[in-house]
Amino acid sequence: MESGGWHVEKRASLRNDSFSREDNVPETGCLSIIVLGASGDLAKKKTFPALFHLFIQGFLLSNEVHIFGYARSKISDDDLRDRIRGYLVKGKTADSKQLEEVPKFLQLIKYVSGSYDSAEGFQKLDKEISEHEVSKNSIEGSSRRLFYLALPPSVYPSVCKMIKHYCMNKSDLGGWTRIVVEKPFGKDLASAETLSSQIGELFDEPQIYRIDHYLGKELVQNLLVLRFANRFFVPLWNRDNIDNVQIVFREDFGTEGRGGYFDQYGIIRDIIQNHLLQVLCLVAMERPISLKPEHVRDEKVKVLRSVMPINDEEVVLGQYEGYTDDPTVPDHSNTPTFATMVLRIHNERWEGVPFIMKAGKALNSRKAEIRVQFKDVPGDIFKCKKQGRNEFVIRLQPSEAMYMKLMVKTPGLEMSTVQSELDLSYRQRYQDVIIPEAYERLILDTIKGDQQHFVRRDELKAAWEIFTPLLHRIDKGELKSLPYKKGSRGPVKADELLEKAGYLQSDGYIWIPPTL
């Protein structure tokens with residue numbers, strides 16, 4: 001092209017490889033779902049029940065799908081079926097139709113025993129899968145294999161290597177191989193990057209589904225709709241109107257026999273760095289140009305890269321009294337079971353707005369919620385500032401709901417004000433709708449090839465870059481965990497930090513979920 005002329009360069013497509021292939025080649029082959037770690041707690045309590053509910057809703061068809069369990073335990077097919085049978089239906093909510101479907105579902109499950117670093121075990125697994133594919137008359141290159149790693153991350157590299165070498169299928173006719181990996185994705189930036197590199201050498205990013213079950217929760221998935229499909233939120237959702245944002249996770253029980261495991265990670269690695277940070281991304285991100293997975297995840301990464309380094313003066317750590325009584329926990333452990341911290345986002349929309357992240361165990365209530373507190377009304381002619389600010393609250397669990405706290409006139413002859421709410425409680429509004437479990441949604445997304453609600457590698461790296469310096473200071477003992485009583489709100493200093501950050505507590509207001 002001559003000097004001064006236009007030069008047009010074709011850009012590489014941003015589309016997920018699996019999407020472009022599936023758009024052109026229909027998926028006609030059978031589906032094999034392989035649960036590695038099939039005899040463990042995660043598999044029997046979460047993975048298999050989620051698969052069962054997809055089965056009874058018609059998303060997994062008995063003439064197309066087969067489920068394989070793989071673990072070291074030397075047990076039979078029937079032994080595995082008996083282990084998971086009691087977890088498939090919940091006692092009070094089970095109906096006769098569900099109970100009738102249990103035997104049909106269990107017959108889809110076959111068990112293979114083997115080690116996680118042995119070629120022999122995975123060759124046997126591949127043989128069983130291939131026999132299933134042949135029995136379903138799947139054309140070579142059209143079958144689909146989904147590997148769910150319900151395993152500790154320490155064995156991910158060896159398992160992924162075995163899958164890559166011995167259990168891959170041809171994918172030239174619409175088939176695919178995908179892997180699902182559970183958190184924790186490392187303990188800090190270095191370990192996460194090592195793990196990502198080890199898996200990334202074996203599988204392409206469109207094949208890797210890093211699952212964070214919070215992204216499958218009903219009201220977390222509602223966040224983008226609330227923000228970008230409702231006109232009145234668009235001009236309000238910024239630093240001009242919002243004073244502070246709280247993202248809260250509270251449990252009313254302690255480590256309950258998991259003390260040894262929990263002590264390796266602590267509440268920040270277990271809850272804040274992943275679950276709550278994912279929620280923050282959806283609350284704070286800019287509007288994506290479309291709902292394609294890469295466009296949504298691009299905006300999440302931009303938010304994470306805008307988070308400022310965490311200031312130690314805006315961190316309060318706690319450990320409930322009695323935590324170290326667990327024989328699996330070291331006597332002088334400094335591992336926090338509670339943390340409140342302030343994250344600050346350095347961009348045009350959120351400059352100056354504190355994002356308060358709070359998570360704890362053995363507290364006085366159990367809930368997870370997002371609390372967006374708006375600024376005071378200028379020129380307060382009703383003198384009602386002390387009664388509290390406007391707040392938009394999204395209750396993630398339990399009793400899913402969203403409500404807006406606002407001032408109204410007290411009924412009667414006098415002109416006085418009271419704080420009330422506009423309330424959308426799901427249990428009341430959607431009485432005939434069963435809200436699916438997070439794992440059901442996410443496994444179905446994996447089968448569909450939709451990575452929107454999964455964590456991308458650069459997103460994971462950006463998240464660890466935020467928290468690793470703080471975590472290393474805690475590990476070195478530079479920040480100490482304050483003791484707090486079981487059943488309390490946590491350390492008193494946490495409430496002081498909230499007040500210092502600008503959160504204004506409402507006097508006397510308590511939201512009561514409506515009854516049917």
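Note that the structure is a prediction, hence the values are computed from the model and not measured.
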Distance in Å, Q273 CD paired with T468 OG1, rounded so as to fall on 0.5 Å steps: 7.5 Å
Please examine the side chains of K361 and F262, heavy atoms only from C-beta on, and report whether any two atoms are closer than 4.5 Å. yes
C281/L304 under side chain to side chain contact (heavy atoms under 4.5 Å, CB included): CA gap, chis, key distance, verdict: CA-CA 7 Å; C281 288; L304 294 174; 3.5 Å; yes
Could you check whether the rings of Y148 and Y439 sit parallel, tilted or perpendicular, using 30° and 60° as the cut-offs? tilted
Hey, does the side chain of W464 reach the backbone of E193 with a donor-acceptor pair shorter than 3.5 angstrom? no
Min side-chain heavy-atom separation V455-N274 under 4.5 Å: no
Donor-acceptor pair, side chain of R250 and main chain of L363, under 3.5 angstrom: no
Looking only at heavy atoms, which two atoms of S290 and H295 are closest? And how far apart? OG-ND1, 2.5 Å
Look at the aromatic rings of Y265 and Y261 and report parallel, tilted or perpendicular, splitting at 30° and 60°. tilted
A quick test of your reading: do over 12 heavy atoms of other residues, nucleotides or ligands sit less than 6.0 Å from NZ of K161? no
Atom of H213, atom of L442 and distance for their closest heavy-atom approach: CA-CD1, 3.7 Å
N-O pairing of R371 and E369 below 4.0 Å: yes
Between K187 and R269, is there a side-chain heavy-atom distance shorter than 4.5 Å? yes
CZ of F467 to CG of D188: how many Å apart, nearest 0.5 Å? 13.5 Å
Side chains of Y209 and D445: do they bring a donor and an acceptor to under 3.5 Å? no
T255 side chain reached by T328 side chain, heavy atoms, under 4.5 Å: no
May I ask you to decide if the ring planes of H132 and F68 are parallel, tilted or perpendicular, using 30° and 60° as cut-offs? perpendicular
Just verifying a value: how many Å separate Q207 CD and I199 CD1, rounded to the nearest 0.5 Å? 12.0 Å
Mark yes or no for whether Q123, through its side chain, and Y166, through its backbone, hold a donor-acceptor pair below 3.5 Å. no
Side-chain donor-acceptor contact under 3.5 Å, E459 with Q278: yes
Could you measure the distance from the CD1 atom of I34 to the CZ atom of F122? Nearest 0.5 Å is fine. 10.0 Å
Check: D78/S76 side-chain N/O donor and acceptor closer than 3.5 Å: no
Any donor and acceptor pair, going by atom type alone, linking the side chain of K164 with main-chain N or O of L202 inside 3.5 Å? yes
Taking side chain as C-beta onward, heavy atoms only, is L125 less than 4.5 Å from C167? yes
With the side chain counted from C-beta on, respond yes when D450 and P293 share a heavy-atom pair under 4.5 Å apart, and no when they do not. yes
Checking K217 against Y214: charged group under 6.0 Å from the ring centre and within 45 degrees of the axis? yes
Pair L224, M285 - check side chain to side chain contact (heavy atoms under 4.5 Å, CB included), show working. CA-CA 9 Å; L224 294 190; M285 64 183 270; 3.8 Å; yes
For L282, which of I370, L226, N222, L223 qualifies under side chain to side chain contact (heavy atoms under 4.5 Å, CB included)? L223
On a heavy-atom basis, which atom in S115 and which in Y70 lie closest, and how many Å separate them? O-OH, 2.7 Å
Worked check of side chain to side chain contact (heavy atoms under 4.5 Å, CB included) between V35 and L51: CA-CA 10 Å; V35 181; L51 292 172; 4.2 Å; yes
So which heavy atom on A38 is nearest to which on A71, and how close? N-CB, 3.9 Å
Out of K183, H275, R258, which one pairs with D270 under the side-chain hydrogen bond (donor to acceptor under 3.5 Å, both in side chains) rule? K183
Less than 4.0 Å between a side-chain N and a carboxylate O, is that true for E131 and K127? yes
When every non-hydrogen atom of P153 is compared with those of L195, the smallest separation belongs to O-CD1, 4.0 Å
Got a donor-acceptor contact below 3.5 angstrom from the S113 side chain to the S73 backbone? yes
Please round to the nearest 0.5 Å and tell me the distance separating atom CZ of F253 and atom CZ of R366. 7.0 Å
Salt bridge check: are R145 and E133 linked by an N-O gap of less than 4.0 Å? yes
Does one side chain, of N169 or T177, offer a donor that lies under 3.5 Å from an acceptor on the other? yes
Taking the side chain as everything from C-beta on, heavy atoms only, tell me whether L31 gets closer than 4.5 Å to E64. no
Geometric class of the F233/F392 ring pair [parallel <30°, tilted 30-60°, perpendicular >60°]: tilted
Which residue, R457, R456, R210, forms the salt bridge (Lys or Arg N to Asp or Glu O under 4.0 Å) with E205? R210
Quick one: are F338 and R489 in side-chain contact, heavy atoms under 4.5 Å? no
Sub-3.5 Å donor-acceptor pair from the side chain of Y156 to the main-chain atoms of E182, do we have one? yes
Is there a donor-acceptor pair under 3.5 Å between the side chain of R72 and the backbone N or O of Y116? no
Within this structure, what is the CG-CD1 distance for the pair L277 and I271, rounded to the nearest 0.5 Å? 12.5 Å
Is D77 reaching over with its side chain to a backbone N or O of Y111, donor-acceptor style, under 3.5 angstrom? yes
Nearest atoms (heavy-atom pairs only) where Q198 meets P157: OE1-CG, 3.0 Å
K461, NZ atom: more than 12 neighbouring heavy atoms under 6.0 Å: no
Counting N and O atoms only, with roles assigned by atom type, does the side chain of T337 sit under 3.5 Å from a partner on the main chain of Y320, one being a donor and the other an acceptor? yes
Could you walk me through whether C30 and H66 pass side chain to side chain contact (heavy atoms under 4.5 Å, CB included), step by step? CA-CA 8 Å; C30 65; H66 206 73; over 6 Å; no
